[in-house]
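Everything on this sheet refers to the single structure shown next.
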Amino acid sequence: MIIVLRPNIDENSVEYRRVMDYLHNKPKIKTRLHKEVGAHQTLMEIYLIGDTAGLDKAEVESLAAVERAVRIMDEYRIIGRHQDDTRSTGFEYNGVIFDQNTLNVFAGLCAVDTPENVETMMRALKENGQVCTRMGAYKPRTNPYAFQGLGKACLPWVFELAGKYGIKVIAMEITHDSHVDEVRQALEKTGNPTGVMLQIGTRNTQNFELLKMVGRQKEFPVLLKRGFGITLVESLNAAEYLASEGNHKIIFALRGMKTNLGDPHRNFTDFAHVPVVKRLTRMPVCVDPSHSVGTRERDPEGILDVMHVAAQGVIAGANMLLVDFHPVPAKAMVDGPQALLLKELPYFLEDVNIAREAFEKRGILLKKFRTD
Ligand code: PEP
Ligand code: MN
């Protein structure tokens, strides 16, 4: 069972003590407090571990400090959407709201290469009203001799350029514990001009020690990519690893599955799972059309497959898009063949808006016709 306390309850208040006394008097029940300090309010949840079957939900809810109690299933205890679980989803980070109702676009470079390309990208984002981007500094590569990313050396100037162009959140993959410290130190050194969402890539979805370590820090939110060769359940359990260590600010990304059945695309697009993840969990869902499709192929009308797939994710209710752009794709160090051009950015964003409007209209249509 999870007990959700009323917002801004003080841990020294009589009401709070009463809840704790009530629980401590119950045999075989342990409590674990989760506190989320937001810009506007502090939210607290008490996780009950042990023999909770005998607890009276109504009695718990009658305590003054309690907003509601939620009975949880065994699976996805923290990230899960349990029966009658109306708790709000998502979080705010650096002024940007991420939840199952919003949509944020992270267009940017697969891999950071030169300051000129980063600045050109950031400028284009600002000109198009964007406050989020993707910038890979640590690149997990199949070939050990391939470009591995500029690493910590590029962080200060990437963060400074982000600040210059009003970028609030950068999705950045990390592949090792030490990268989190490097990101934190570079942000501090440059005066925190931007924010970072730590990305755990598809090759690390089940790197449990990395998940635990990233889950233990609460400063940065986490973008977890689905493992490209494991089941959805296995990938959702990876998200639960992060949450079980204390970090609940998690976005789950679909990025395509590895199988030749998806040929000629690089991966087999799995965006039909957008509503599934939203139903099973309270995490916002991201789609990555670039790593799914992997090329700049077009349909006979001329629409890029990457744009089609992005639209398919958005029309199904995706909350975030992670998409590769590059000022000169032919010169990109990583994934140039799938990158969109900067002149395509306004077109891409407009196309995404069309898909989003269609998704919203589908919601209105449902309200009119739903009978169950
Ligand atoms: C990426 O987003 O740059 C990336 C490497 O993605 P994935 O982990 O999905 O392959
Ligand atoms: Mn890539």
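When a ligand or atom number is given, it counts from 1 through the structure's own listing order.
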Among Gln130, Lys126, Glu119, which residue meets the side-chain hydrogen bond (donor to acceptor under 3.5 Å, both in side chains) test with Tyr165?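 One option only clears the test, and that one is Glu119.
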
N/O pairs closer than 3.5 Å, ligand 1 and protein:
unit_1	atom_1	unit_2	atom_2	d
ligand 1	2 (O)	Arg134	NH1	2.9
ligand 1	2 (O)	Arg134	NH2	3.4
ligand 1	2 (O)	Gln199	NE2	2.9
ligand 1	2 (O)	Lys225	NZ	3.0
ligand 1	3 (O)	Arg134	NH2	2.7
ligand 1	3 (O)	Lys139	NZ	2.9
ligand 1	3 (O)	His291	NE2	3.4
ligand 1	6 (O)	Lys225	NZ	2.8
ligand 1	8 (O)	Thr202	N	2.8
ligand 1	9 (O)	Lys225	NZ	2.7
ligand 1	9 (O)	Arg255	NE	2.6
ligand 1	9 (O)	Arg255	NH2	3.4
ligand 1	10 (O)	Arg203	NH1	3.0
ligand 1	10 (O)	Arg255	NH2	2.8

Less than 6.0 angstrom from the centroid, inside 45 degrees of the normal: does Lys26 satisfy that with respect to the ring of Tyr22? yes

Yes or no on salt bridge (Lys or Arg N to Asp or Glu O under 4.0 Å) for Glu219 and Arg184, after CA distance, side-chain angles and deciding distance? CA-CA 9 Å; Glu219 187 180 349; Arg184 186 183 294 112; 2.7 Å; yes

Check: Phe98 ring centre within less than 6.0 Å of Tyr93 ring centre: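 No - the distance between ring centres of Phe98 and Tyr93 does not fall below the 6.0 Å cut-off.
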
Just distance, no hydrogens or angles: give the donor-acceptor pairs under 3.5 Å from side chains in residues 298-316, sequence neighbours left out.
unit_1	atom_1	unit_2	atom_2	d
Arg298	NH1	Gly302	O	2.9
Asp299	OD1	Glu301	N	2.8
Asp299	OD1	Gly302	N	2.7
Asp299	OD1	Ile303	N	2.9
Asp299	OD2	His308	NE2	2.8
Asp305	OD2	His265	NE2	2.8

In Å, rounded to the nearest 0.5 Å, how long is the span from OG1 of Thr190 to CG of Asn192? 6.5 Å

Specify which N/O/S atom of Asp335 comes nearest to the Mn ion (ligand 2), by atom name. OD2

What atom name does the N, O or S atom of His291 nearest to the Mn ion (ligand 2) carry? NE2

Do you know which of Arg266, Arg141, Arg134, Lys139 makes salt bridge (charged side-chain N to carboxylate O under 4.0 Å, His left out) with Asp335? Arg266

